Structure formats: structure tokens, C-alpha cells
S.K.: 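One structure follows; several queries about it will come next.
Everything quoted here is computed from the prediction, not taken from an experiment.
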Amino acid sequence: MLELKGESIFKSRAYQKAARSIELLSEDVDKLVAEDRLKEIPGVGEAISKKLTELVTTGHLEYYEKLKGEFPPGINILMEIPGIGPRTALLLSKELGIADIDALEKAIEDGRVTALPRMGEKTAQNILHQIKAYRKKKSEQRVPLAIALTAAEGLLKEMSAVPGLRRLSLAGSLRRFRDTIGDIDMVGTSDHPQKSLEACIHLPAVKELQEKGPTKASVIIANGLQIDLRLVENDSFGSALQYITGSKQHNIDLRTRAERLGLSLSEYGITDQAAGTLEKFSSEETFYLRQGLDYIPPEIREGQHEIELAEQHALPHLIELPDIRGDLHMHTDWSDGAASLEDMVIAARGRGYRYVAVTDHSPGLGIAGGLTLDRLRQQLELISELNRKFPDIRIFSGMEVDIRANGTLDVPDEVLAKLDVVIASVHSALNQGREQMTQRLISAVSHPHVDILGHPTCRLLGEREPVEVDMEAVFRAALAHHTALEINAMPSRLDLKDTHIYQARQMGVKLIINTDSHHPEHFNFMRLGIGIARRGWCTAKDILNTLQSNEFKASLKS
DNA sequence: GCCGTTTTCGGCCCGACTGTTTTCAGTCG
């Protein structure tokens, strides 16, 4: 609305910057308001801090309501259509009185839109097309990371056969391992960019062409995902990959800093502004190095304080997949898993793990074939037997115990005491209020036999919102009782999420990355867990299952 | 509206693609 009003573009940009900072915050805004610390948020100054305070304390913002009153209704809705920005929205509203998408569709169909200045037939048809896509997309929204990753890797394979293509990499939010993905960005180099691009848009996977220029094309693939492909000269691959990987805020911070050094950054390289010369970079490492910065891993390029630390050579060494020595959450055909206990152990062993925990469901989850205590005793015998059979991997006994609505566990203490690893998780009564849920999780992590809190917020990406809970209070309790919090790497969960991981790690809470495997193939999910742990700035020492077997056992509470 | 080893005023990342005009505005990432 500020843009429509003709206010300085930098004013609306300031609000956007502040909004992004708040999204990345690991603390509650409410808390910062209460403690009068809003101005610590980058991009929040006097004015925005006042407005945030009003919004948080009253649930209402006078400034916003007043602003809204100055415009015809529906302008914001029009701007949700790709291709319609503030100028076009205002034009449509002022000239034709259009206030919603249906009216816009009608106006295009009867030719009123084409009659406007700078609006031709093609523009009108494009908007019509975008309206259809928008209506479809509204129900789909962003796609979970794993789905986009699988699609992207399939596509990379197909593209490796395209003639002329040399280097090719994923970029954008997918490369940064964000938990949900809007579209898939790729960067490549080619000896014949035009020809290669042409070949790419005709790949079997491509369903629809969005746009295509000499160096860039956008297509839609079969599952509805949009792919943006950019081709550059081989010499510029490093700067292009960096630029397209983002994030937006990271790039703005980087370029602002470069400006002070007399340098101008673009996807083509670095221009020395005094000399007017362009220097090209074929790798990201040299691109960062030229600016006096250490290499910054994609997962933490979010415009927090990564540039400052890269400048001081003080970035942490983030955890990597080979650091993981065991997986402590899996299900077998004793409950709802798909494979036998032995096959699951063999799969874990095949990945080079030194230890695993067998954690089938407890009796409370009848629906998931939860183990009766009698069956558990039988399983413990089998585990002893397999421990003798496979001396090169330690098999811990365990259970994923259900946290009842009142915070108690559905397995007696004397049984839990016999197990090596106890995970406690919420599976029911997910709609409890914040107070009650917080108390429930605190009871669980405070329990003397609970080693790990499983999938703490119970979210399912694109399906179910996280439970209402004061995570910081849960972190404090976990810290006090030496209970680890799980980073559940199942594609649909990724729970804890990145900002929670960041906060928990800073507080000193121990974390553990588990796949919650129900099938031997599921152990592959570990790399997703690693990705979001890296987004939370985790090093190997922040994650318990990087420890050696004996050290790991010793680190557990029980 | 924010922010400061150039600054409390005057800057604010930079370029591609489309469509409609004939040199560029609007939008997007």
C-alpha cells in the first residue's frame, strides 16, 4: 500500500526487511516486546518498533487500518497475481473499478483491460493464465523440501545428457535446504547456451514453457513445480551460482558491504568501480575470497550474521553427513515398520553406523501396532541375540513412548528403566492449548527415564500446523533435566525446524538427528536432517549421535 | 523507514524478461 501511495520505495522495502528479520527470529516477538528489545532486530528502528508493540499488545494497528482505508478494496488481492504489481493494480482499480480476481477475469474477457494504456492482448492473456495458475496454487502452496529435491535430482540426471552443458548445480532455497520450496532454481554453464537452453525446455519432464530468453528459461514440470534455469559463461559460474543461491537478504548484505569496498557485485563477477574492470569467478570460494570473506555454506546464507563472521574467519564448521555415527529412532515390523528388526539393523550397518536404537511404538498407539510389554520382553531377547551376531554395530534397546494428554507416559517406569534409549513423543490431543501443551512437554522431558523428546512440535509440512507450545520453556526444562531434543528428519516432519534448532543450540540443549525410519530406505532421510541442522548453525559437537558408541551411551540421561 | 571505521543526512543490490513502444516501464527474483 505504501508503494501504491507513491511513498519512497525504500520505505516499503524497510518494512519488508523487518518482516524477513522477524521470520528468521528464534525468539517470540511477544517476548522481545515485553523486554523492550525490538530494536535488536536488524531493520527494526524507532517507527517499526512502535508499530510492532501496538500490534502485539492490542492485536490491532491503527496505521495499517488507516492506510487500508485510503485504497479501494481488493488492491492487495490483485497484486497476488504474478505479473500484477502496484502500478497495474492501481490502474485496474482506478480505471475499471476492479476489486477482486473474478471481476478482473471478467474485465479481461470482455476486452476492457486491453483498452487500458500499456495493456495489450498478450498482457491480458498472460494475466488470465496466471489467474488460473493462482487458483490452483492456492490449494497447493509451497512444496516440502524432499519432494522438490527428488524432482530436481531427477531433472539434473536428464539434463546431464543435454549437449553443450558443462557445469550444472541446484541453487536457490533448495540448495540452502529450506524446509519448503517455492520453485527450483538451477545454474549451469554451456559452450552453446542458446542450443542447450532450447534442448532443456524440450526435455520429456517439461510440461509447459513460462518464459525463455538468451540466458534464462522458466518451465513447469509434470508435478506442477516451476524450474528456473540460468546459463552463464564458464568463467562466471561461481558468481552466478552465488547470486542465484541467495538468499535475497544475504545478497543485499553482501552487495552493500562490497559497495563500501569500492566493488560492485553481479552474477557476472565483481566490478572494481574505480578501475571499471570486471573480474570473473568460476567458483564461489574465490568469489567470497576476493571480498576478504571465508566461504559461507549455503544453508546459513540468510542475512543473519554470517558475513560478519566470515570476515573474522570465525564461521563454525557445520556438521556433515559423515559425522553421523548412529540413528536412534526406527520402527520394525514388530510395530508399524515395514521390515524385520534384523533387516533394519543390516541396513544401518551398511551405512557404516556404529550403533542404532530399536524404538518401536508403545502399547498406547494400538493403531501403530504398539508393543505390549510381553512382546517387548521378547524383542529384548532378539536384540541381545543380534548384538552377538553383529559385533561391529551396537544395537540399543528402546521404545517410542506415547506422551498422554496429561503429560504422563503410557509405559510403567520399571519397564522404561530396562531400556537403553527412551524417546517420548506426542501423537494425540494435538489441539491442546498453549499452557497445557507446554506443561505436557515439560512433564515428558523432566521424566527421569526419558532420553529424547521426539518430533517436538508434531508439524506435518503442508498438512498440519505445529502444536501451540512455548518452545523456550521446553528447551529450559530439557536443559535442566539433560534430555535431548530430536531433529526428526522424516520428509514430512523436519521437526525441530531450523530456527528452533538455532535457539536450542544457543541455549546449550543437546540435539540428536533421527530418521524415524519405517523402512531400510528411510535411513536416507538423514541428509535432510543434516541440512536443517546446518541451517540451525550446528557443528558436530552439538549433535549427540556424532559421538562414539560408548560416549553416546554415557551422554544419555538414563 | 533504517542506518552509520566515509555519514545524524543522504544514501539504500543489480540485472533479466516481457510487452509495448521505437527507448522503456513494469515486474520479478
S.K.: Got a second to check how far L528(A)'s CG is from D179(A)'s CG, nearest 0.5 Å?
M.R.: 10.5 Å
S.K.: Is S12(A) touching bases, backbone alone, or none of the nucleic acid, heavy atoms closer than 4.0 Å?
M.R.: nothing
S.K.: Would S173(A) and R178(A) count as having a side-chain donor-acceptor pair, cut-off 3.5 Å?
M.R.: no
S.K.: Determine the Euclidean distance between corresponding P atoms of dC13(B) and dG4(B); express it in Å to zero decimal places.
M.R.: 14 Å
S.K.: From C-beta outward on S8(A), which listed nucleotide comes closest to its side chain: dC13(B), dA16(B), dC12(B)?
M.R.: dC12(B)
S.K.: Considering only atom C1', compute the distance from dA16(B) to dT5(B) and round it to an integer number of Å.
M.R.: 36 Å
S.K.: What's the gap between dT8(B) and dG1(B) when it is taken at their C1' atoms, as a whole Å value?
M.R.: 14 Å
S.K.: Under 4.0 Å between a side-chain N or O of S264(A) and OP1 or OP2 of dG15(B)?
M.R.: no
S.K.: For I252(A) and dG15(B), what is the distance between atoms CD1 and P respectively, to the nearest whole Å?
M.R.: 14 Å
S.K.: Regarding Y243(A), tell me which of base, sugar-phosphate or nothing describes its non-hydrogen contacts under 4.0 Å with the strands shown.
M.R.: base
S.K.: Measure CZ/F10(A) against P/dC2(B) and give the value in whole Å, please.
M.R.: 15 Å
S.K.: Expressed in angstrom and rounded to an integer, what is the separation of Q194(A) atom CD from dC17(B) atom C1'?
M.R.: 14 Å
S.K.: Looking for any heavy atom pair under 4.0 Å, which part of the strands does E7(A) touch: base, sugar-phosphate only, or nothing?
M.R.: nothing
S.K.: Give the nucleotide from the list dG1(B), dA16(B), dT20(B) with an atom nearest to the side chain of K122(A).
M.R.: dT20(B)
S.K.: Where the side chain of K11(A) is defined as all heavy atoms beyond and including C-beta, which of dG1(B), dT27(B), dG29(B) is the nearest nucleotide?
M.R.: dG1(B)
S.K.: Quote, to the nearest angstrom, the C1' distance that separates dC9(B) from dC14(B).
M.R.: 24 Å
S.K.: Think T123(A) has a side-chain N or O under 4.0 angstrom from the OP1 or OP2 of dT20(B)?
M.R.: yes
S.K.: Identify whether any heavy atom of K212(A) sits under 4.0 Å from a base atom; if not, whether one sits that close to sugar-phosphate; answer base, sugar-phosphate or nothing.
M.R.: sugar-phosphate
S.K.: Given the C1' atoms of dA25(B) and dT20(B), what is the spacing between them in whole Å?
M.R.: 9 Å
S.K.: Between dG11(B) and dT7(B), how many Å separate the two P atoms, rounded to a whole number?
M.R.: 14 Å
S.K.: State the OG1-CG distance between T277(A) and D272(A), to the nearest 0.5 angstrom.
M.R.: 5.0 Å
S.K.: Starting at CD of E211(A) and ending at C1' of dA16(B), how long is that distance when rounded to a whole Å?
M.R.: 8 Å
S.K.: By the definition side chain to side chain donor-acceptor pair (under 3.5 Å), identify the one residue from H250(A), E302(A), E299(A) that meets it with R176(A).
M.R.: E302(A)
S.K.: Expressed in whole Å, how much space separates the P atoms belonging to dG15(B) and dG10(B)?
M.R.: 26 Å
S.K.: For I84(A), which contact category applies under a 4.0 Å heavy-atom criterion: base, sugar-phosphate, or nothing?
M.R.: sugar-phosphate
S.K.: Are Y268(A) and dA16(B) close enough that a side-chain N or O sits under 4.0 Å from OP1 or OP2?
M.R.: yes
S.K.: Can you see if the side chain of R13(A) gets near the phosphate of dC13(B) - specifically, an N or O under 4.0 Å from OP1 or OP2?
M.R.: yes
S.K.: What is the distance from CD of E259(A) to C1' of dT7(B), rounded to the nearest Å?
M.R.: 14 Å
S.K.: Return the nucleotide paired to dC12(B): Watson-Crick means purine N1 to pyrimidine N3 with N6-O4 or O6-N4, wobble means G-U with N1-O2 and O6-N3, both under 3.5 Å.
M.R.: dG1(B)
S.K.: Roughly, in whole Å, what's the span from CG in L92(A) to P in dG26(B)?
M.R.: 13 Å
S.K.: For the pair made of CG in D183(A) and P in dG29(B), what is the distance, rounded to whole Å?
M.R.: 7 Å
S.K.: Answer with base, sugar-phosphate or nothing: what part of the nucleic acid does Q130(A) contact at a heavy-atom distance below 4.0 Å?
M.R.: nothing
S.K.: Taking any heavy-atom pair under 4.0 Å as a contact, classify K39(A): base, sugar-phosphate, or nothing.
M.R.: nothing
S.K.: Which one, dG15(B), dC17(B), dA25(B), comes nearest to the side chain of R118(A)?
M.R.: dA25(B)
S.K.: Any side-chain N or O of T88(A) below 4.0 angstrom from OP1/OP2 of dT27(B)?
M.R.: yes
S.K.: Does this structure show an ion pair linking R135(A) with E105(A), if we count only N-O contacts that are shorter than 4.0 Å?
M.R.: yes
S.K.: Taking for each residue the nucleotide of DNA chain B with the nearest heavy atom, is it S266(A) or Q210(A) whose nucleotide lies nearer the 5' end?
M.R.: S266(A)
S.K.: Any base atoms under 4.0 Å from L90(A), or only sugar-phosphate, or nothing? Heavy atoms, all strands.
M.R.: nothing
S.K.: Say you pick atom P in dT6(B) and the same atom in dC2(B); how far apart are they, in whole Å?
M.R.: 23 Å
S.K.: How long is the line joining CD of Q242(A) and P of dG29(B), in whole Å?
M.R.: 18 Å
S.K.: Counting only heavy atoms from other residues, nucleotides and ligands, does the tally under 6.0 Å from CZ of R434(A) exceed 12?
M.R.: yes
S.K.: Under a plain distance cut-off of 3.5 Å, with no hydrogens placed, do Y15(A) and K51(A) share a side-chain donor-acceptor pair?
M.R.: yes
S.K.: Looking for any heavy atom pair under 4.0 Å, which part of the strands does I244(A) touch: base, sugar-phosphate only, or nothing?
M.R.: nothing
S.K.: Please work out if K248(A) contacts a base, only the sugar-phosphate, or nothing of the nucleic acid, heavy-atom cut-off 4.0 Å.
M.R.: base
S.K.: By nearest heavy atom, map K51(A) and P117(A) onto DNA chain B; which one lands nearer the 5' end?
M.R.: K51(A)
S.K.: Would N76(A) and E80(A) count as having a side-chain donor-acceptor pair, cut-off 3.5 Å?
M.R.: no
